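Down below is the structure, laid out as structure tokens.
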There are 2 protein chains.
Amino acid sequence: MAIRPADQIVHKAAWLYYAHGLRQDQVAQQLNISRASVAMYLRKARETGIVNISTSTQLFTDDVTAREIEDAFGLDAVWIAPHGDHVDPAAEVPVLAASVFLQLVGKGDKIGVAWGQTVYAIADVMAYADLQDVTVVQLCGNLGAPFAYRPDQCTMEIARRLNAKGLNFYAPLVLSTEGLAKDLRSEPVIREQLAGISECDLALYSIGTVDAGSHVVKCGALTSDEMDALRREGAAGVVAGQIIDNKGALLDCSYNRRCISADLASLRAIPKRLVVVQEENKFEPLLAGLAGGLCTHLVINAAMARRLLDHAKAANRRKAS
Amino acid sequence: MAIRPADQIVHKAAWLYYAHGLRQDQVAQQLNISRASVAMYLRKARETGIVNISTSTQLFTDDVTAREIEDAFGLDAVWIAPHGDHVDPAAEVPVLAASVFLQLVGKGDKIGVAWGQTVYAIADVMAYADLQDVTVVQLCGNLGAPFAYRPDQCTMEIARRLNAKGLNFYAPLVLSTEGLAKDLRSEPVIREQLAGISECDLALYSIGTVDAGSHVVKCGALTSDEMDALRREGAAGVVAGQIIDNKGALLDCSYNRRCISADLASLRAIPKRLVVVQEENKFEPLLAGLAGGLCTHLVINAAMARRLLDHAKAANRRKAS
DNA sequence: CGGTCAAATTGACTTTTGTCAATGGTCGTG
DNA sequence: CACGACCATTGACAAAAGTCAATTTGACCG
């Protein structure tokens with residue numbers, strides 16, 4: 001993206017202030033404008049990624065528990081948000097995940113983004129950056145739910161924050177018949193988008209539950225009863241709108257066959273798969289995702305970390321005896 | 001580098017302030033310390049690279065002249081510092097170069113650094129960062145000059161700023177006999193260091209003049225008269241302590257044979273070669289360096305940019321007629 | 001032209017941040 | 001165990017940054 005003339009002054013102010021370390025009044029004098037304008041330009045510069053402020057997330061990986069989880073589950077990196085010794089414990093995981101995400105993004109990357117409350121919460125607290133050559137693609141079809149965390153919203157908001165190209169997915173997440181889903185999947189536009197997913201450098205998603213509180217239910221893609229039935233058939237979690245069993249494999253069911261979404265093999269082909277889990281009740285879904293190799297980088301809170309580790313230790317003990 | 005316990009609190013304060021956007025008094029309350037301490041911790045966090053503030057350098061590449069120079073000389077990227085419409089025009093090039101340099105450094109990189117006033121000026125204004133897995137190596141031997149911009153100083157200062165490992169070069173830049181230089185070059189420690197240079201991902205150097213004002217003369221490696229003689233033999237510039245002719249090739253002379261430094265082929269093997277030139281009188285040396293393919297990324301001021309472009313256009317005209 | 005409106009800019013005020021001398025605590029030493 | 005040197009911490013003040021209503025600018029239109 002070429003710099004628009006109006007941005008020149010913003011850029012210049014940011015440069016004098018942040019790179020040269022001048023004070024706002026000195027910048028104002030330099031540019032022959034009021035200090036109030038400088039303050040405004042600087043805010044704009046921060047909000048457009050002309051200046052980047054990032055804080056190291058070392059503190060959250062540099063922890064025995066995190067290392068143990070990495071070893072136990074064979075992950076590349078784990079970050080643990082400490083439990084709320086401060087204002088808003090619920091905000092900690094998304095804030096951390098947003099930082100981690102920005103740290104994992106590289107120049108020229110293609111990034112796949114799924115959807116959900118967690119993903120949207122991350123997008124919402126993400127710092128602005130100026131990564132013009134980055135592309136953000138939607139990992140799964142859309143649904144017309146009246147929620148802010150719809151797939152297209154998640155993708156677009158993240159693309160906006162990064163100043164990146166957002167590539168939306170113009171198909172419903174789930175169709176009424178398997179035949180229609182198959183036909184739609186082979187439409188050139190859709191097929192290309194699905195095929196391109198495995199070329200991503202980084203993916204971001206959470207893992208959903210398979211109960212009445214699941215987003216798939218709340219958005220009307222499945223009824224509560226249908227979900228119950230699926231759970232009896234082995235449904236353990238939701239990834240990019242699709243239902244997986246406790247081994248992390250795609251569940252063999254009509255719903256999945258009616259879904260338009262990234263297939264799990266494509267997801268696994270993405271070198272960095274950042275999974276972020278917040279809610280207490282996503283323990284089993286997360287285990288399923290981990291078992292299926294759907295995660296390489298993980299952001300969780302301390303309570304979840306504890307449970308994961310206890311689970312791994314118990315499993316080891318069972319194996320040993 | 002593991003986080004020391006004393007850094008924990010600094011990290012936490014930085015996290016609450018920069019990532020969560022709390023105010024200093026809120027952070028102080030959270031951590032049960034005074035706001036003054038928070039302010040101090042935050043300064044420390046900035047100075048140790050726990051938080052990174054960087055400003056885009058787009059403005060300086062996004063310019064017709066820069067593009068024209070890229071095309072004319074076949075460079076990967078060119079940044080042009082505008083001439084002093086502000087406080088300290090002399091500071092502009094180093095500040096810009098430092099920003100560009102940080103932008104070019106990647107995770108796990110090995111970086112070669114030469115020496116000189118310019119390089120030291122860059123180190124001196126460089127922001128702090130926390131790139132634990134980066135190595136900074138010295139590109140050429142040392143000299144005992146009483147100047148701050150000695151090769152080892154340049155290397156160490158940059159390593160310190162980046163929180164990276166600094167690898168110094170424990171040999172003199174120039175010896176009294178060719179034989180001794182040859183022997184020293186084949187010492188295992190030295191040989192390894194020289195051999196490792198071509199594995200660098202990024203190099204940073206300026207290009208020196210070949211007159212009485214040259215650093216090689218000022219530091220006593222050559223007398224003014226010897227330098228005059230070399231200039232008559234075709235010396236056109238100095239790169240990493242070695243003398244090049246106007247084609248950018250190593251000049252065939254005793255001095256060069258007595259030098260312990262990165263050979264030019266090794267330098268050319270480094271994918272990103274950032275050359276920074278400040279002083280007016282380095283035009284011819286820079287041309288020599290460009291001719292020798294010693295530069296892929298260039299930071300100069302507007303006046304130098306003008307001269308380069310005029311030169312290239314004149315050369316084209318000569319070719320055409 | 002003169003009028004209208006939205007957007008940019010500013011002066012004046014408030015809030016937040018930076019600074020530093022004074023304080024208190026810690027550790028090594030005699 | 002008393003002493004003093006040293007460093008982290010703090011309270012109080014000064015400096016800088018943020019905010020917002022009021023004003024100016026400039027673009028558009030009848």
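Just so it is clear, the structure is predicted and the values come from calculations on it, not from any experiment. Labels below follow one simple rule: chain letters A, B, ... track the order of the sequence lines, proteins then strands, and each chain is numbered from 1.
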Measure [atom1]/[X] against [atom2]/[N] and give the value in whole Å, please.
X     : N      : atom1 : atom2 : result
A:M40 : D:dA21 : CE    : C1'   : 16 Å
B:L31 : D:dT9  : CG    : C1'   : 14 Å
B:D7  : D:dA8  : CG    : P     : 12 Å
A:D25 : D:dA17 : CG    : C1'   : 10 Å
B:Q24 : D:dT9  : CD    : P     : 15 Å
B:Q29 : D:dT10 : CD    : P     : 14 Å
A:L22 : D:dA15 : CG    : C1'   : 16 Å
A:R43 : D:dG18 : CZ    : P     : 9 Å

Checking D:dG11, D:dA16, D:dG18 against the side chain of A:A39 (C-beta onward), the nearest is D:dG18
Side chain A:N301, main chain A:M304, donor-acceptor under 3.5 Å
yes
Would you say the side-chain atoms of A:D109 pair up with the backbone N or O of A:I111, donor to acceptor, closer than 3.5 Å?
no
Name the nucleic acid region contacted by B:I33, choosing base, sugar-phosphate or nothing; use a 4.0 angstrom heavy-atom cut-off, strictly under.
sugar-phosphate
Residues B:E47, B:K44: salt bridge by 4.0 Å N-O rule
no
So does B:R67 pair up with B:D71, basic N to acidic O under 4.0 Å?
no
Heavy-atom side-chain proximity of B:W79 to B:H297 below 4.5 angstrom:
yes
Give the first and the last nucleotide of DNA chain C, reading 5' to 3', that has any atom under 4.0 Å from a heavy atom of chain B.
C:dT16 to C:dT19
Can B:D63 and B:T65 be counted as having a side-chain donor-acceptor contact under 3.5 angstrom?
yes
Side-chain N or O of B:S34 closer than 4.0 Å to phosphate OP1/OP2 of D:dG11
no
Decide if atom CD of A:Q29 counts as having more than 12 heavy atoms of other residues, nucleotides or ligands within a radius under 6.0 Å.
no
